[in-house]
Structure formats: C-alpha cells, structure tokens
Enquirer: 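Below is a structure I'd like to ask you about.
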Amino acid sequence: MADDQKESLEDRLKRLDAELAERRKDDGADRAAEARASESRKGYAVAMKLSSEFVAAVIVGALLGYLLDHFAGTGPWGMIVLLLLGFCAGVLNVMRAAGMVASPHPVDRLAGREPGKAGSGRDETKPKDGA
C-alpha cells in the first residue's frame with residue numbers, strides 16, 4: 001500500500017509539474033500580448049496627437065482669416081490666405097513632431113544677433129590667411 005501511494009504521489013507531482021510548465025508558457029504569451037497592446041496604444045496616442053495638432057492649426061488659421069475678413073472687410077482673401085498659412089503651419093508641426101524636420105536651433109533664435117554676420121557663410125573661428 002505504501003508503494004501504491006508513493007507511485008501515485010510521483011504521478012501527481014509529474015502532472016503538476018507539467019501543468020505548471022504549461023501555465024508558465026501561457027504567462028509568457030500573455031506578457032507578449034500585453035507588450036504588443038501597449039505599443040499599439042502608444043501608436044494610437046501619437047497618431048491622435050499629430051492629427052489634433054494639424055487640425056488645430058488649420059482651424060486657427062481659418063478662424064483668424066474669418067475674423068480678419070469680418071473686421072477689415074477684405075472679403076474671402078483673408079480667410080483663404082490664413083487658411084493656407086494654417087495648413088502649412090500644421091504640416092510643419094506634424095513633421096517636427098514626427099522627427100522629419102529639425103526644430104530651430106536655440107542659437108538661431110537668439111535676439112540681438114548682428115545682421116552682418118548672419119548668413120555670411122564665413123566661419124569666424126578660423127584664422128585668416130596671412131595672420
């Protein structure tokens with residue numbers, strides 16, 4: 001009787017080990033599925049951010065154009081021009097956010113730069129010939 005219980009116990013332990021191994025495999029699959037779902041959510045968040053930036057720029061351009069037309073009496077031209085400007089600003093914002101266009105360098109945005117040095121094409125740090 002003791003041998004029967006020992007064999008029975010060993011069989012049950014083997015079955016338990018097999019079930020635990022199977023469940024551990026399922027946990028790995030669940031983790032992988034959760035990681036894919038997390039990446040998908042991040043993609044949707046980025047898509048919503050980019051689309052909302054674009055739509056907001058177009059709406060702001062159209063609204064400013066409408067207000068300009070209403071108060072200045074310029075007809076549809078203010079709306080057309082500022083709507084197109086808003087479209088261009090929206091495209092630029094989306095491209096910057098997506099990393100396709102670099103943001104302006106902080107040095108380029110500094111106020112008080114000397115106009116003669118900007119765009120001269122010369123590197124002022126190099127020594128001049130004959131010096």
Side-chain angles (χ1 to χ4, degrees):
M1 184 162 169
D3 288 336
D4 290 339
Q5 286 179 345
K6 187 176 181 182
E7 285 181 28
S8 174
L9 181 61
E10 287 178 3
D11 289 339
R12 289 190 308 196
L13 282 173
K14 288 179 183 177
R15 279 185 296 173
L16 181 61
D17 283 340
E19 288 179 19
L20 283 174
E22 184 178 325
R23 289 192 188 237
R24 286 183 183 136
K25 288 180 190 175
D26 290 343
D27 287 344
D30 289 342
R31 287 185 191 132
E34 181 60 33
R36 284 191 307 270
S38 175
E39 288 298 319
S40 177
R41 284 191 297 266
K42 287 179 186 176
Y44 287 133
V46 169
M48 290 300 293
K49 176 187 168 212
L50 294 177
S51 63
S52 65
E53 283 185 11
F54 177 73
V55 169
V58 172
I59 289 174
V60 166
L63 182 65
L64 289 176
Y66 174 77
L67 291 174
L68 178 70
D69 286 341
H70 181 71
F71 290 114
T74 57
W77 296 110
M79 174 89 152
I80 292 170
V81 169
L82 289 178
L83 181 68
L84 290 174
L85 189 64
F87 178 81
C88 293
V91 169
L92 184 62
N93 284 340
V94 168
M95 290 178 70
R96 277 188 188 151
M100 298 181 78
V101 175
S103 296
H105 195 274
V107 174
D108 293 336
R109 291 183 283 175
L110 288 176
R113 290 187 69 187
E114 294 182 46
K117 290 186 179 180
S120 66
R122 293 188 309 164
D123 189 3
E124 299 294 330
T125 60
K126 293 182 183 177
K128 295 181 181 177
D129 293 337

Enquirer: Using residues 39-51 as the side-chain source, report each donor-acceptor pair under 3.5 Å to any protein atom, sequence neighbours left out, with the distance given to one decimal.
Expert:
| from | atom 1 | to | atom 2 | distance (Å) |
| --- | --- | --- | --- | --- |
| R41 | NH2 | E34 | OE2 | 3.1 |
| S51 | OG | A47 | O | 3.0 |
| S51 | OG | M48 | O | 3.1 |

Enquirer: Examine I80 and V58 and state if one hydrophobic cluster contains both, with Ile, Leu, Val, Met, Phe, Trp and Tyr joined whenever side-chain heavy atoms are less than 4.5 Å apart.
Expert: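 The answer is no; the residues belong to distinct hydrophobic clusters.
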Enquirer: Kindly determine whether F54 and N93 satisfy side-chain contact (heavy atoms from CB on, under 4.5 Å), including the steps that lead there.
Expert: CA-CA 7 Å; F54 177 73; N93 284 340; over 6 Å; no
Enquirer: Working to the nearest 0.5 Å, report the span between CG of L16 and CG of D11.
Expert: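 Reported to 0.5 Å precision, the distance equals 12.5 Å.
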Enquirer: Considering non-hydrogen atoms only, spot the tightest contact between E53 and A97 and give its length.
Expert: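 Looks like OE1-CB, 4.1 Å.
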Enquirer: Is there a chain of hydrophobic side chains (I, L, V, M, F, W, Y, each step under 4.5 Å between heavy atoms) that links L92 to L83?
Expert: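 The answer is yes; both residues are in one hydrophobic cluster.
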Enquirer: Let me see the working for R12 and R15 under side-chain contact (heavy atoms from CB on, under 4.5 Å), right down to the final yes or no.
Expert: CA-CA 5 Å; R12 289 190 308 196; R15 279 185 296 173; 2.8 Å; yes
Enquirer: If I compare all heavy atoms of A89 with all of A57, which pair ends up nearest, and what's the gap?
Expert: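 Closest heavy-atom pair between A89 and A57: C-CB, 4.3 Å.
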Enquirer: Please name the pair of heavy atoms, one in D69 and one in G78, separated by the smallest distance, quoted to 0.1 Å.
Expert: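 For D69 versus G78, the nearest heavy atoms are OD1-N, 3.0 Å.
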Enquirer: Could you identify which residues cluster with L82, counting Ile, Leu, Val, Met, Phe, Trp and Tyr as linked when any side-chain heavy atoms lie under 4.5 Å apart, either directly or through a chain of such contacts?
Expert: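 L82 shares its hydrophobic cluster with V60, L64, L68, L85.
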Enquirer: What distance separates L67 CG from M79 CE, expressed to the nearest 0.5 Å?
Expert: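 If I round to the nearest 0.5 Å, the distance is 10.0 Å.
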